[in-house]
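Here the structure comes first, spelled out in structure tokens, and everything after it is commentary.
Below, chain A is the first sequence line, B the second, and so on; all start at residue 1. All figures in this text were calculated on a predicted structure; none of them were measured in a lab.
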Amino acid sequence: MKDETRIDDAPGVNRREFIKRTGAVAGASVVSGGALLAASSDGWAQGLVAFDAATGKALLQMCRDLYPHDRVPDALYQKVVDLFDAAALKDPAMAQMMSDGVGELNAASRRIAKKDYAATPRETDRVAALQTIEGSAFFGKVRGDMIAGLYNNPDVWEVLGYEGASAHLGGYINRGFNDIDWV
Amino acid sequence: MAAKFNFDDDGVVVVVGSGAGGGTVANELAQKGINVVVLEAGNRWEIADFENDEWANFLRISWIDPRTTSGNWRVAKDFGGLPAWIVKAVGGSTIHWAGASLRIQPHEFQGRTNYGNVAGANLLDWPVTRAELDPYYDLAEKKMGTTGTNGIPRLPGNNNYKVLAAGAAKMGYQKFHTGNMSINSQPRDGRGSCQQIGFCFQGCKSGAKWSTLYTEIPKGEATGHMEVRPNAMVLRVLHDAKGKVSGVEYADKSGKIQMQKARAVCVAGNSIESPRLLLNSASNLFRDGLANSSGQVGRNYMRHLTASVYAVFDREVHMYRGTTMAGIVADESRHDTKRGFVGGYEMETLSLGLPFIAAFLEPGAWGRDVTFGLDRYANMAGMWIVGEDMPQASNRVTLNAKVKDANGQPVANVHYDDHPNDLAMRNHAFQQGSALYESVGAVKTYRTPPYPSTHNLGTNRMSANARDGVVNKFGQTHDIKNLFVSDGSQFTTGAAENPTLTIVALAIRQAEYIAKQMAAKEI
């Protein structure tokens with residue numbers, strides 16, 4: 001499914017061609033956009049403990065918009081929000097920061113697109129809403145923690161093409177360390 | 001087997017730190033039959049403890065004790081509590097280093113003479129020349145098994161190198177190859193050859209890369225003249241009424257304060273901790289800190305201009321496969337002011353795993369510009385730029401009395417402002433690096449700002465004249481003859497080369513000098 005509201009990220013590169021050529025990881029679904037998200041994440045959001053479902057869904061959308069990878073399925077972004085949820089359970093101040101932050105983000109989104117953030121269909125509008133809170137402690141916390149939360153996950157590596165640890169496999173010496181022939 | 005010395009044995013040489021400088025000077029002394037106690041702030045991990053996991057290993061071995069930063073350098077904004085990416089463990093930053101082993105070029109030893117009076121820079125010629133150091137470079141390369149020297153073949157180039165080399169050729173560069181690396185390309189010195197594991201920064205799992213942890217230190221221990229005490233954080237260097245160094249005070253693993261007497265002390269805690277230790281050792285006799293009559297302790301902090309260029313291609317690269325620093329382009333390391341700056345820079349391949357590149361590619365950035373690259377991680381190539389930054393008196397390590405470490409000692413504040421020459425060089429390097437990758441079809445390039453510093457230099461610099469620096473040409477402090485500095489803080493200027501080989505060469509030479517001074521009862 002092609003999302004026409006997506007920001008074009010690839011001047012000069014054909015996305016479909018790219019995915020085909022890099023052999024993008026079978027099974028990883030191409031998902032993006034608020035409307036689609038809403039349908040798929042209800043069950044997950046109900047299971048959060050420190051956050052209510054609406055806050056959880058807003059944080060999930062925020063994670064997708066901060067570091068958007070259309071090939072990375074929701075489940076892997078949900079794991080980042082799960083980490084926030086677990087942290088918030090132990091830290092009421094952080095829980096409050098998250099809930100207040102989502103409130104501000106919703107307010108900004110309503111000014112821009114007349115809808116709450118997670119219900120705003122256009123990525124450009126959601127990004128504009130995020131830009132209004134970019135300097136806040138809430139934004140910094142979510143963005144900073146997301147870096148480790150998302151990119152330290154081997155399931156994400158698999159989608160993005162990082163093979164990780166190699167010592168236990170004898171290194172890359174017989175596994176393609178110098179195998180490219182296009183240069 | 002490893003020796004054990006008493007706290008009140010005042011015949012030992014105490015070495016503070018066990019990395020390239022400390023580990024080497026300690027082994028060299030032990031080989032000469034001199035008794036040495038190595039006090040290492042960090043733990044003693046072994047190869048089996050290293051993990052091919054960027055964050056896990058970072059948190060285990062890095063120096064993450066509190067430090068503060070100031071100045072207009074980008075690191076203060078992006079990584080304010082972490083000015084340096086160095087190691088706190090037996091072996092020091094030789095666990096983390098990539099292995100590049102380059103000699104400083106002859107003209108770089110005479111920075112003041114060759115670069116002239118650069119406004120705002122505190123340039124000085126080294127009190128030692130390349131010719132004087134060459135025999136010690138020979139010894140260092142032999143010790144470390146540096147490829148491209150002593151008949152040791154160079155390593156094979158990985159994919160990241162293939163891209164770099166193809167671009168270098170398109171650019172008309174002449175001096176590019178897979179480097180002079182202290183990584184075994186064939187079995188040597190009881191260690192195997194490189195298995196192209198990657199993760200050089202996380203500690204070499206095969207031991208192919210030279211590290212004092214499993215070369216100098218066990219060799220020194222085997223002499224029966226060396227004792228290594230891990231988890232020993234030295235707090236103060238002590239002196240007697242005449243102003244001679246008499247020992248050190250340190251906190252052991254349990255935080256208990258211990259005192260070790262010494263005949264001489266070699267400080268090798270890297271360029272942030274070494275000046276911090278001298279400053280924290282201030283006394284009634286030395287009110288501004290030890291060896292600081294010049295006021296230069298902590299000043300002239302250098303960190304190489306560092307920057308990276310990462311490029312995205314429409315074909316696969318898998319830069320992370322194989323050695324992290326897999327090749328070098330040396331053409332831009334010349335001194336040629338037509339480019340708009342003095343000094344030069346090296347281009348060296350570099351790769352980060354996905355966890356780290358997400359943190360470092362564009363620190364603070366978010367959105368599709370950054371994920372464009374991360375989405376195409378498998379198609380990225382990367383280089384690091386190592387260039388000479390200007391020594392400036394105001395770029396300095398000072399004590400921050402407002403922030404204390406676990407032992408109640410003021411932490412180091414690292415202040416750094418970019419010099420206009422540094423900015424001009426970095427811009428040039430960004431342009432050349434981007435052009436190199438574009439010449440072989442890069443669809444996008446990223447100009448990655450400096451990481452926390454791995455090359456920390458200059459804060460106890462060598463000088464011919466005692467008023468200009470902290471140590472003489474042998475690393476002996478001008479003020480106290482049985483106090484030595486044995487790490488990269490001795491560097492008078494930064495030069496464009498990765499510093500480890502020079503640190504090792506200086507340490508070999510220093511050990512020879514200390515032995516002679518001891519034999520002559522000078523110290």
Side-chain angles (χ1 to χ4, degrees), chain A residues 6-15 17-19 21-24 65-72 123 127 130-131 134 139-140 142-144 146-148 150-154 156-157 159-183, chain B residues 50-56 156-167 193-199 204-206 312-318 320-323 326 353-359 363-372 374-381 440-441 443-444:
Chain A
R6 233 193 83 260
I7 293 174
D8 182 17
D9 68 339
V13 177
N14 180 314
R15 163 185 295 271
E17 180 61 20
F18 171 82
I19 292 172
R21 222 187 283 163
T22 52
D65 288 337
L66 286 176
Y67 293 99
H69 293 286
D70 299 337
R71 293 186 288 143
V72 173
E123 182 176 345
V127 166
L130 284 169
Q131 281 164 344
E134 212 172 345
F139 183 95
V142 173
R143 196 202 64 76
M146 248 201 92
I147 293 279
L150 184 67
Y151 296 107
N152 207 28
N153 180 347
V156 173
W157 302 351
V159 180
L160 299 183
Y162 174 51
E163 294 162 282
S166 81
H168 64 298
L169 301 170
Y172 287 107
I173 194 162
N174 296 314
R175 298 192 308 120
F177 84 103
N178 62 353
D179 65 351
I180 61 172
D181 56 9
W182 58 265
V183 285
Chain B
F50 300 153
E51 287 179 79
N52 278 187
D53 179 322
E54 291 182 311
W55 282 117
N158 68 0
N159 289 337
N160 203 16
Y161 173 71
K162 284 185 173 181
V163 177
L164 181 87
S193 62
C194 177
Q195 301 302 299
Q196 300 290 339
I197 292 168
F199 296 95
C204 179
K205 285 297 286 181
S206 78
V312 180
F313 295 86
D314 62 3
R315 304 287 294 268
E316 291 179 48
V317 179
H318 302 285
Y320 55 86
R321 293 182 187 165
T323 51
L354 189 63
F356 274 6
I357 201 146
W366 56 279
R368 290 200 182 262
D369 185 67
V370 61
T371 55
F372 178 86
L374 299 175
D375 239 345
R376 292 154 182 80
Y377 175 76
N379 295 21
M380 280 182 125
V440 281
V443 295
K444 183 174 172 68

Could you go through the salt bridge (Lys or Arg N to Asp or Glu O under 4.0 Å) check for B:R368 and A:D70 one step at a time?
-> CA-CA 10 Å; B:R368 290 200 182 262; A:D70 299 337; 3.1 Å; yes
Which bit of B:L374 comes within less than 4.5 Å of chain A, counting heavy atoms only: side chain, backbone, both or neither?
-> both
Chain B contact via A:D179 - which portion, at a heavy-atom distance below 4.5 Å = both
Step through it carefully: locate the ring centre of B:W55, locate the ring centre of A:Y151, and say whether they are under 6.0 Å apart.
-> no
Examine whether an atom of B:A56 lies under 4.5 Å from a heavy atom of chain A, and if so say whether it belongs to the side chain, the backbone or both; otherwise answer neither.
-> neither
Would you say B:Q195 and A:F177 make side-chain contact, with heavy atoms under 4.5 Å?
-> no
So, do A:E163 and B:H318 sit near enough that their side-chain heavy atoms are less than 4.5 Å apart?
-> yes
B:N158 (side chain) donor-acceptor with A:N178 (main chain) under 3.5 angstrom = no
Looking at B:G364, B:G441, B:G322, which makes the most heavy-atom pairs under 4.5 Å with chain A?
-> B:G364
Specify the closest pair of heavy atoms between A:L160 and B:Y377, including all atoms of both residues, with the distance to one decimal.
-> O-CB, 3.7 Å
What are the two closest non-hydrogen atoms of A:G161 and B:A378, and how far apart are they?
-> O-CB, 3.7 Å
Any side-chain heavy-atom pair from A:Y172 and B:I197 closer than 4.5 angstrom?
-> no
Any idea which heavy atoms bring B:A365 and A:R143 closest together, and the distance?
-> O-NH1, 3.9 Å
At their closest point, which heavy atom of A:I147 faces which heavy atom of B:A358, and how far apart are they?
-> CD1-O, 3.4 Å
Test side-chain contact (heavy atoms from CB on, under 4.5 Å) applied to A:I180 - qualifying residues, sequence neighbours left out | A:W182, A:V183, B:N159, B:K162, B:V163
Chain B heavy atoms under 4.5 Å from A:E134: which part of the residue, side chain, backbone, both or neither?
-> side chain
How many angstroms lie between atom CD of B:E51 and atom NE2 of A:H168, to the nearest 0.5 angstrom?
-> 12.0 Å
Under the side-chain contact (heavy atoms from CB on, under 4.5 Å) rule, collect the residues that match up with A:P154, sequence neighbours excluded.
-> A:W157
Under 4.5 Å from any heavy atom of chain A - which part of B:Y320 = both
Using modelled atom types only, decide if a donor and an acceptor are shared between the side chain of B:T371 and the backbone of A:Y67 within a distance under 3.5 Å.
-> no
Under 3.5 Å, is there a donor-acceptor pair between the side chain of A:N152 and the main chain of B:P355?
-> no
Answer yes or no: is there a donor N or O on one side and an acceptor on the other, between the side chain of A:R71 and the main chain of B:D375, under 3.5 Å?
-> yes
